[in-house]
Amino acid sequence: MPNNPFEYRLLARGEDFVNREKELKEIIQTVKSGQNITIYSPRRYGKSSLIKESLEGLEKERITAYIDFNRVNSVSDLADHLISSITMNAYSSAEKGFSFLKETVLSLRPTFTPTEDGGVTVSVKMVEEEKDLEKALQYPQKVAEKKEMDIVIAMDEFQRINTLNGDDLQRLLRSVIQEQDKVTYLFSGSQVSMLKEMFESGDKPFFKSTKVMKLDKIPIEDFKEYVVENFQETGVQIEKEMVGEIFDITEGHPMRTKQLCFEIWNRKRSDDEKVSVQEILQVMIENDIYIEEIWESIRSAVQRRTLKALAEDKNLYSHETIEEHELKSASHVQRSLKSLERKGIIFEEEIVDPFLKEWIKRLSQ
Ligand SMILES: Nc1ncnc2c1ncn2[C@@H]1O[C@H](COP(=O)(O)OP(=O)(O)OP(=O)(O)O)[C@@H](O)[C@H]1O
Ligand SMILES: [Mg+2]
């Protein structure tokens with residue numbers, strides 16, 4: 001029996017990576033030209049998948065490293081992740097990598113541990129925060145020079161740098177990056193407003209030196225084709241109307257589209273009774289703890305009412321909507337939107353998560 005093709009908890013790679021050809025090309029070209037690039041989008045749009053695909057496309061010509069800031073909890077962690085991923089990717093022979101590592105960053109106390117599967121892991125420990133951090137950040141350029149090969153470093157969920165030692169680290173990183181002519185950085189993040197603040201604020205204009213790319217949802221036609229093909233190839237029939245219904249709900253939101261298809265596929269596979277998208281969706285949103293948590297985290301009544309109006313696709317600035325939904329005034333609406341955007345709940349005046357939107361719609365019924 002074939003596996004469910006709509007696994008939504010994994011990154012999309014290879015054949016499961018739909019479209020994004022334009023973005024991939026642009027990222028690869030930008031990196032090859034030596035310019036840094038920053039990718040942003042709301043959550044679950046496919047940034048990490050896109051980054052991994054881009055790195056794979058660059059592997060032949062560049063040493064690549066991927067750092068997930070969700071897993072970096074201290075400055076020392078950052079040094080460790082940076083140094084270990086670069087060393088492991090740059091050196092095929094562990095000994096060679098390790099001896100270079102000792103030569104360059106000995107004060108960071110590199111250690112070298114064989115793993116059960118015959119590989120090795122490299123890790124470092126910082127002793128003197130300031131000095132060692134600078135050394136760690138300079139390490140990529142040193143490796144690139146030694147190996148005579150440029151490096152690309154992806155820093156995913158980069159806005160989390162603010163949770164480490166904020167300004168000092170940013171300042172140091174920025175100045176180190178400017179000196180590195182053989183290392184290119186690919187930043188990405190989902191806290192759009194936070195990235196923008198880092199980008200725009202005068203005294204630390206981090207992103208002035210990078211190209212900026214906004215990642216949209218996946219174009220619906222390509223995504224539909226992928227969905228239909230995957231149902232067909234796994235021997236599960238789906239009607240055209242049903243595919244239309246899925247996309248009316250998800251509007252091509254990458255993760256939610258896959259999640260809905262995942263459930264529909266399972267239901268269709270296990271019983272051949274007619275299944276309805278609405279019925280499946282109802283169960284899914286009722287069981288989604290995340291949605292209720294989001295709603296409860298919104299304390300302001302005006303913000304909640306703004307979301308209700310948005311869920312019903314109302315024009316938020318019209319007198320009728322403001323009156324009907326008790327939004328007080330256009331400036332209240334604007335303030336609500338700003339705050340909701342900061343929380344990642346809305347983006348460009350739309351509710352990001354289509355399931356949350358459905359859930360809110362049902363609230364008022
Ligand atoms: N190009 C794509 N084609 C098909 N599915 C995709 C694509 N991009 C992302 N997805 C799906 O969308 C979901 C989210 O992808 P991914 O984790 O890459 O996004 P993200 O923006 O990094 O999310 P997060 O905000 O959680 O970090 C996954 O289920 C993934 O399989
Ligand atoms: Mg991600």
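Each ligand, and each atom within it, is numbered from 1 in the order the structure gives.
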Problem set entry | atom 6 (C) of ligand 1: nearest protein contact (heavy atom, Å) | Ala12 CB, 3.4 Å
Problem set entry | Check: Phe262 ring centroid to Phe6 ring centroid under 6.0 Å | no
Seminar exercise, completed: The salt bridge (charged side-chain N to carboxylate O under 4.0 Å, His left out) partners of Lys32 (sequence neighbours excluded) come to Glu61
For this session: Decide whether an N or O pair under 3.5 Å exists between Tyr45 and ligand 1.
Result: yes
Exercise. Measuring from Gln237:CD to Thr234:OG1, what's the distance to the nearest 0.5 Å?
Worked result: 9.5 Å
Exercise. Which atoms of the protein, restricted to N, O or S, are nearer than 2.8 Å to the Mg ion (ligand 2)?
Worked result: Ser48 OG
For this session: Keeping to residues at least two apart or across chains, list the side-chain hydrogen bond (donor to acceptor under 3.5 Å, both in side chains) pairs with something in residues 63-76.
Result: Tyr66-Asp156
For this session: May I ask you to decide if Leu307's main-chain N or O and Glu312's side chain share a donor-acceptor pair within less than 3.5 Å?
Result: no
Seminar exercise, completed: Contact region, Met255 to ligand 1, non-hydrogen atoms below 4.0 Å, reads both
Exercise. With no hydrogens and no angle check, do the side chains of Ser339 and Ser336 hold a donor and an acceptor under 3.5 Å apart?
Worked result: no
Problem set entry | Polar atom proximity, Tyr8 to ligand 1 (N or O, under 3.5 Å) | yes
Exercise. Do you see a donor-acceptor pair shorter than 3.5 Å between the side chains of His253 and Thr250?
Worked result: no
Which atom pairs, donor and acceptor, lie under 3.5 Å between side-chain atoms of residues 11-18 and protein residues at least two apart or in another chain?
unit_1: Arg13; atom_1: NE; unit_2: Glu53; atom_2: OE2; d: 2.8
unit_1: Arg13; atom_1: NH2; unit_2: Glu56; atom_2: OE1; d: 2.5
unit_1: Asp16; atom_1: OD1; unit_2: Tyr226; atom_2: OH; d: 3.0

Seminar exercise, completed: protein heavy-atom neighbour closest to atom 5 (N) of ligand 1 works out as Lys258 NZ, 3.1 Å
For this session: Looking only at protein heavy atoms, identify the closest one to atom 18 (O) of ligand 1 and say how far it is in Å.
Result: Ser49 OG, 2.6 Å
Problem set entry | For Arg20, the ligand 1 atoms whose distance to one of its heavy atoms is below 4.0 Å | 1 (N)
Exercise. Side chain, backbone, both or neither: which part of Lys47 comes within less than 4.0 Å of ligand 1 when only heavy atoms are counted?
Worked result: both
Exercise. Given that the side chain starts at C-beta and the backbone is N, CA, C, O, which of these parts of Asp16 lies under 4.0 Å from ligand 1, counting heavy atoms, or is it both or neither?
Worked result: backbone
For this session: Please state which part of Leu10 comes within less than 4.0 Å of ligand 1, counting heavy atoms only: side chain, backbone, both or neither.
Result: backbone
Problem set entry | Option of least heavy-atom distance to atom 25 (O) of ligand 1 (set: Lys52, His253, Arg44) | Arg44
Exercise. Between Tyr40 and Gln159, is any side-chain donor less than 3.5 angstrom from a side-chain acceptor?
Worked result: no
For this session: Number the atoms of ligand 1 from 1 as they appear, then name those within less than 4.0 Å of a heavy atom of Arg43, with their elements.
Result: 24 (P), 25 (O), 26 (O)
For this session: Indicate whether any N or O donor in one side chain lies under 3.5 Å from an N or O acceptor in the other, for Tyr139 and Thr87.
Result: yes
Exercise. Counting each atom of ligand 1 from 1 as listed, which ones have a heavy atom of Ile218 under 4.0 Å away?
Worked result: 1 (N), 2 (C), 3 (N), 4 (C), 7 (C)
Seminar exercise, completed: atom 17 (O) of ligand 1: of Asp222, Leu11, Leu50, the nearest heavy atom sits on Leu11
Problem set entry | Distance-only side-chain donor-acceptor flag, Asp181 / Gln141, under 3.5 Å | yes
Problem set entry | cation_pi(Lys268, Phe231) dist<6.0 Å, angle<=45 | no
Problem set entry | Side chains of Gln282 and Glu286, donor plus acceptor under 3.5 Å | yes
For this session: Please report which non-hydrogen protein atom sits nearest to atom 1 (N) of ligand 1, along with the residue it belongs to and the distance in Å to one decimal place.
Result: Val18 O, 3.0 Å
For this session: Report yes if Gly46 has an N/O atom closer than 3.5 Å to an N/O atom of ligand 1; otherwise report no.
Result: yes
For this session: Mark the output for Glu157 as yes if a heavy-atom distance to ligand 1 is under 4.0 Å, and as no if none is.
Result: yes
For this session: Answer yes or no: does atom CD1 of Ile289 have more than 12 heavy-atom neighbours from other residues, nucleotides or ligands under 6.0 Å?
Result: no
